[in-house]
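Note sheet for the following structure.
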Amino acid sequence: MEYIYLGDKNTDQTLRKQACSAVRRAGKCIRGKNGSMLVVFEDGKERIIVGRLLRKINHTQ
């Protein structure tokens, strides 16, 4: 997975601190004009979420 979704006070508790991946088209993330982002969570459902509430996971070794 690429991101951790932090959520906010209005977020469903099942989605907070969950890993997700960006949905890509032609190698680029699908972003909205208002900063939203299309992601797919581990359960397989795609959701549009606020992009600034995502944190990238570092895969350094």
Side-chain angles (χ1 to χ4, degrees):
M1 297 295 161
E2 300 176 27
Y3 297 97
I4 296 290
Y5 180 53
L6 299 179
D8 60 6
K9 65 180 181 179
N10 297 321
T11 302
D12 183 11
Q13 291 297 323
T14 60
L15 296 178
R16 292 180 99 173
K17 308 276 176 135
Q18 292 295 316
C20 59
S21 293
V23 176
R24 298 178 186 272
R25 183 183 320 144
K28 293 185 176 183
C29 299
I30 299 175
R31 298 289 303 244
K33 292 183 181 195
N34 60 352
S36 61
M37 187 170 182
L38 181 62
V39 298
V40 60
F41 284 92
E42 292 176 334
D43 62 0
K45 292 186 180 179
E46 291 183 350
R47 292 184 173 91
I48 299 171
I49 59 171
V50 179
R52 70 176 187 274
L53 297 177
L54 291 170
R55 297 298 179 264
K56 198 169 220 176
I57 299 172
N58 288 333
H59 293 289
T60 59
Q61 299 204 6

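This structure is a prediction, so every number in the text was calculated from the model and none was measured.
- The side chain to side chain contact (heavy atoms under 4.5 Å, CB included) check on Arg16 picks up Thr11, Gln13, with sequence neighbours excluded.
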| request: Please report the C-alpha distance between Arg47 and Tyr5 in whole Å, then the side-chain angles of each, then the deciding distance to 0.1 Å, and finally whether the side chain to side chain contact (heavy atoms under 4.5 Å, CB included) criterion is met. | output: CA-CA 11 Å; Arg47 292 184 173 91; Tyr5 180 53; over 6 Å; no

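- Residue Cys20 holds its SG atom at 11.5 Å from CD of Glu46, rounded to the nearest 0.5 Å.
- Annotation for Ala19 and Phe41: closest pair O-CD2, 3.7 Å, computed over non-hydrogen atoms.
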Result block: side-chain N/O donor-acceptor pairs under 3.5 angstrom for residues 26-33, not counting sequence neighbours:
unit_1	atom_1	unit_2	atom_2	d
Arg31	NE	Ser36	O	3.3
Arg31	NH2	Gly35	O	3.1

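- With values rounded to the nearest 0.5 angstrom, Ile49 atom CD1 is found 8.5 Å from Leu15 atom CG.
- Using a 4.5 Å heavy-atom cutoff, the side chains of Leu54 and Val39 are in contact.
- Heavy atoms from other residues, nucleotides or ligands lying under 6.0 Å from CZ of Arg52 number 12 at most.
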